[in-house]
Every structure is written in C-alpha cells, then in structure tokens.
Amino acid sequence: MSPSHSVAELRIDNARLLQRIADLGDIGAVHGPNGEHGCARLALTDEDRLGRDLVVSWMRDLGLIVAIDAIGNVVATHPGADPAAAPVMMGSHIDTVRTGGRFDGNLGVLGGLEVIETLQRHGVRTRRPIQVAFFTDEEGARFAPDMLGSLVYVGGMSVQEALDARAADDNARLGDELNRIGYAGPTPCPTADIPHAFVELHIEQGPVLEEQGITIGVVTGVQGISWTELVITGRSAHAGTTPMRLRKDPLVPAAAIAVEARRLAAEMGGSQVATIGRFDVFPDLVNVIAQSVTIALDVRNTDDTLLRNAEAHMMEFATAAAHVEGCTLQTRTLSRFEPVAFADSMIDSVERIARSQGHSTLRLPSGAGHDAQMLARVCPTSMIFVPSVDGLSHNIAEFTEAADIAAGANVLLHMVLELAEPI
Ligand code: GLV
Ligand code: MN
Ligand code: MN
C-alpha cells in the first residue's frame, strides 16, 4: 500500500464488483417484460454448474487456494502471515430460486472476492488467512432444507443424509446431481478448519431499510423458520357427474389451509409470517376432481414459542379440514430452524464500522434464512444488509443501487480487515 494511503482509507473497486455481479447474472438469466433481469440457477442444475465454474475461475485468477468439499461447498483461501491462525471467512450462496434475482447470495460471495482482490492489489497483508465461500443449496427451493450446504459444513446434518435428499421438482438425488455437475469434492465435511469469525454481506430482501432511508442494516439475528409439506389425498372423479355430496376433493382443504395461514399471521401480528408457496394439484385437469394436492407451508417468527404455537395451530387446522372433506393428510417436516442471535461483539463492530464510514445504520433481525445462521453455531458471526429497491427479492425485479452495494462491500472490507489483523 502506498505510504500516502492508510489502511483506514482503503476502498473496494465498485465497478469491478458490479461487473462480476452482471457477468454471474447472465448465467441462467430470466428477463421480464419491463426490463427485469433475474436469474434461475436452482441448486445443482446445469445453470448452477456454469455459475460455480465462473466463480471458481475468478477465485483461481486471484491465486486463491480453492477447496471443494463432499457436499459441493467451495471455499477459497487467501493466505495470512500466520498459516496456523484460524481464518476469517466471508461468503454466502450463488444458487437462486426459479424466479430469483442477481443479488441474493451472489453479493455476499462476489463482495467477498472483491475484498480479497482489493487487499491483494494494495499489498495489504493480514495475520489471519481470509476466505470466501459459497455454500451448496442455500435456497432449499430444490432440495430441503434450506442452508443445506452450510448446515453440513458445521456438522448440523450428516453428509449422507444430505446426499440422499430428493429434489422437489424432479425427485433427483442430491448426491447424483452433485456428481453430475462435477462438484462432489475431496475436502472433508464437516470442516475441520473452524473460522475465527464469519461475515456475510447480503441484500435486505425486505422494505425496512428503504422505507426508513437507511444505508446499512446491522443484523441482530435470523428469525425461526419452519417448512412443512402437506399431502392431502381425496378421490379423483368426474367433475360433471359426481354429486357434490359424494366428493372427496383435496383442493378444498388445501385452499382452506392457505386462507387460514394468512388469517393466522394477521391475527398473531408482530413478526409472524405464513405462506403457502407451493400448490401442486394432481392430475391438474379442468374436468377432473383432484386426486391429491401437495402444498408447502412456510411459517416464521423471531420468537420460537410463538412459532411453535403457529405450527401447532396450522397442523390442527389442516387435520380437521382434511377430515371434514373425507381426505387423508400426510405431513413431512422439510426444514426447522430456531431463531438465531448473532454475537454482540460482531453486531457492535458492524455498526461502529458503518458509522465510521458515514452511513446511517439500523439494527434489525433477518426475515430470510442465511448461511450465516449456520456458521453462527461454530464461530462469532454477523451480517451486513443493504437496501432492496421496493423491498423485493425472490423476484426477477430484485435490485440494489450501486452506491448501496459499494457501501456494504466497504463495511465488509473493514470488518474483515479488523478481524484478520493487518500487519
Ligand atoms: C432462504 O432464502 C429463505 O429464507 O427462504
Ligand atoms: Mn440469500
Ligand atoms: Mn434467497
């Protein structure tokens, strides 16, 4: 670093970061009628492989040591002066939902890469190694649970159980898909290299920062998440000839459950949210009373007791609704994570660094699940949020302003520098 610049003045190159976001966003691009540019890179699809290949090529271009583990997590390491010191890790995910954006997850990975390139170009050395990772199947949209790769990374799920997970869309086995795309790596998982700390830069994905005119969200933790699959089975029959009194129509309880989820969340208020985002009707034909309906219920709350109450109410309601229609109900837990609180010292540091760079800050919990909530099981962890235009995410119109990306990445840079101990 030139003597005229102190480490405190170091800033990332936002044009380079934005270019990488654009290039990765071209893989699996989905365009909307009003100029929207989103992404479809569901976990372990061909598009995911192409995205992985591109990010790994960037990691290698920077001379990083790239390790791919048994569940396809990719960790790139920039060495520190003390190779025995525990690394400071950044990262997130590059898989997306089917109608996702270019920023969700990708920002945390490419922001991390940008931090490392900035340090390299300015010759800033640190005592600790610095890592940037992308974790397999964070979205959980194809293989449940969400945050699967980071969960396995920290030992919260066995590799074998994860490899045996089945895809919601085509029932493919996760382990087979991992082999198919060439990302079943040799590095053991769970990791033996527990980070000194983990920091994830992410878009907020909700409206709070934008509504309040705040640049940096200081994330205090992540709310509890519960996903349940419900299969309601009735009796398929002719829509024209079957009297109403003889019907066992699973679509009727399924629809009632969707309406009840909305009613319950409104009644509970606070942070309670409830969603039916998946609704598969079989055989899905105009003149056939359905044989079965598969729905997926997503309920979340920052308070685990309230979340348990919501789960119990919905299961009781679903059981009764299926019974009244003469249908059977089978349920399966897809995902269940308790609320997570990040370490106070890490929260304080994000806030202090953001303010020292002149940004407005707000402490807030995350409504979305993140890899950081898994890393928080093994090391001090924090997240940096930047605003989402119109609060939109999991939507091809998802967008974050360039200035907000720069602000978030510079907070990440200085958070990591401090943790990694410049020499
Ligand atoms: C993961 O993105 C989730 O919160 O659903
Ligand atoms: Mn994400
Ligand atoms: Mn997401």
Side-chain angles (χ1 to χ4, degrees), residues 1-2 5 7 10-29 39 41 44 46-69 72-81 83 87-96 102-126 128-136 138 149 153 178 181-187 191 193 195 198-202 371 402 405-406 408-410 412-417 420 422:
M1 154 128 252
S2 86
H5 289 84
V7 167
L10 199 61
R11 292 294 181 268
I12 60 104
D13 180 336
N14 206 37
R16 190 167 57 204
L17 173 54
L18 293 174
Q19 188 60 53
R20 284 205 179 107
I21 292 171
D23 290 347
L24 183 53
D26 282 340
I27 298 177
C39 283
R41 288 199 310 272
L44 311 186
D46 290 345
E47 291 75 21
D48 186 21
R49 177 185 56 205
L50 291 171
R52 285 167 171 262
D53 289 350
L54 181 62
V55 176
V56 167
S57 75
W58 287 331
M59 290 168 161
R60 294 216 160 103
D61 287 348
L62 294 182
L64 307 182
I65 302 152
V66 178
I68 305 176
D69 73 20
N73 297 318
V74 175
V75 180
T77 303
H78 169 66
V88 175
M89 183 185 260
M90 302 171 282
S92 192
H93 61 99
I94 60 167
D95 67 315
T96 75
R102 287 168 291 162
F103 301 88
D104 176 1
N106 302 306
L107 175 60
V109 178
L110 301 181
L113 208 57
E114 176 54 36
V115 164
I116 292 176
E117 183 158 3
T118 299
L119 298 180
Q120 288 182 342
R121 284 187 183 248
H122 290 85
V124 178
R125 302 211 55 221
T126 56
R128 295 183 181 280
I130 298 177
Q131 298 181 318
V132 58
F134 61 83
F135 296 100
T136 295
E138 187 274 350
Y153 192 76
L178 203 56
I181 69 164
Y183 274 88
T187 302
T191 184
D193 194 15
F198 181 79
V199 191
E200 182 170 355
L201 169 64
H202 206 284
D371 295 308
I405 287 178
N410 279 314
L412 178 68
L413 168 68
H414 284 278
M415 182 79 187
V416 165
L417 249 180

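Predicted model, so just to flag it, every value in this text is computed and none were measured.
When atom types are taken as modelled, the side chain of D69 and the backbone of G185 share no donor-acceptor pair closer than 3.5 angstrom.
Partners of R16 by side chain to side chain contact (heavy atoms under 4.5 Å, CB included), not counting sequence neighbours, listed by chain and number: D13, R20, E114, E117, T118, R121. The ring-ring contact (aromatic ring centres under 6.0 Å, His included) search around F135 returns Y153, not counting sequence neighbours. The salt bridge (Lys or Arg N to Asp or Glu O under 4.0 Å) search around R52 returns D48, not counting sequence neighbours. Residues that satisfy the salt bridge (Lys or Arg N to Asp or Glu O under 4.0 Å) test with D26, not counting sequence neighbours, are absent from this structure. By the side chain to side chain contact (heavy atoms under 4.5 Å, CB included) test, A184 is found to be paired with L178, N179, residues two or more places apart in sequence or in another chain being considered.
Atom-to-atom distance recorded for T96:OG1 and D104:CG is 8.0 Å, nearest 0.5 angstrom. Taken from OG1 in T126 to CD1 in I116, the straight-line distance is 9.5 Å, to the nearest 0.5 Å. Between atom CG of residue D23 and atom CG of residue L54 there is a gap of 6.5 Å, rounded to the nearest 0.5 Å. Between the CG atom of L417 and the CG atom of L412 there is a distance of 10.0 Å, given to the nearest 0.5 Å. Distance CD/E200 to CE/M90: 12.0 Å, rounded to 0.5 Å. The distance from atom CG of L201 to atom CZ of F103, rounded to the nearest 0.5 Å, is 12.0 Å.
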Please lay out, stage by stage, how R125 and H78 fare under the test side-chain hydrogen bond (donor to acceptor under 3.5 Å, both in side chains). CA-CA 10 Å; R125 302 211 55 221; H78 169 66; over 6 Å; no
Between I405 and I21, does the side chain to side chain contact (heavy atoms under 4.5 Å, CB included) criterion hold? Intermediate values first, please. CA-CA 10 Å; I405 287 178; I21 292 171; 4.1 Å; yes
Run T136 and D95 through side chain to side chain contact (heavy atoms under 4.5 Å, CB included) and show every step you take. CA-CA 7 Å; T136 295; D95 67 315; over 6 Å; no
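Between S92 and G108, the shortest heavy-atom contact is CB-CA, 3.9 Å. Nearest heavy atom pair, residue P83 against residue A81, reads CD-O, 3.2 Å. Residue V109 comes nearest to V132 through the heavy atom pair O-CG2, 3.4 Å, listed as atom of the first residue, atom of the second, then distance. L413 and L10 get closest at one heavy-atom pair: CD2-O, 3.5 Å. C39 and R102 make their closest contact through SG-CG, 3.9 Å (heavy atoms, listed as atom of the first residue, atom of the second, distance).
Paired with P87 under the rule side-chain contact (heavy atoms from CB on, under 4.5 Å), one option of I130, T77, D193, V75 passes, and it is D193. When each of H202, R41, H93 is checked for a side chain to side chain donor-acceptor pair (under 3.5 Å) with N106, only R41 meets the rule.
In this structure, V55 and V74 have side chains that are not in contact, with every pair of non-hydrogen atoms separated by 4.5 Å or more. Residues F134 and V56 meet the side-chain proximity criterion, which asks for heavy atoms closer than 4.5 Å.
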Could you tabulate the donor-acceptor pairs under 3.5 Å formed by side-chain atoms of residues 58-66, not counting sequence neighbours?
none

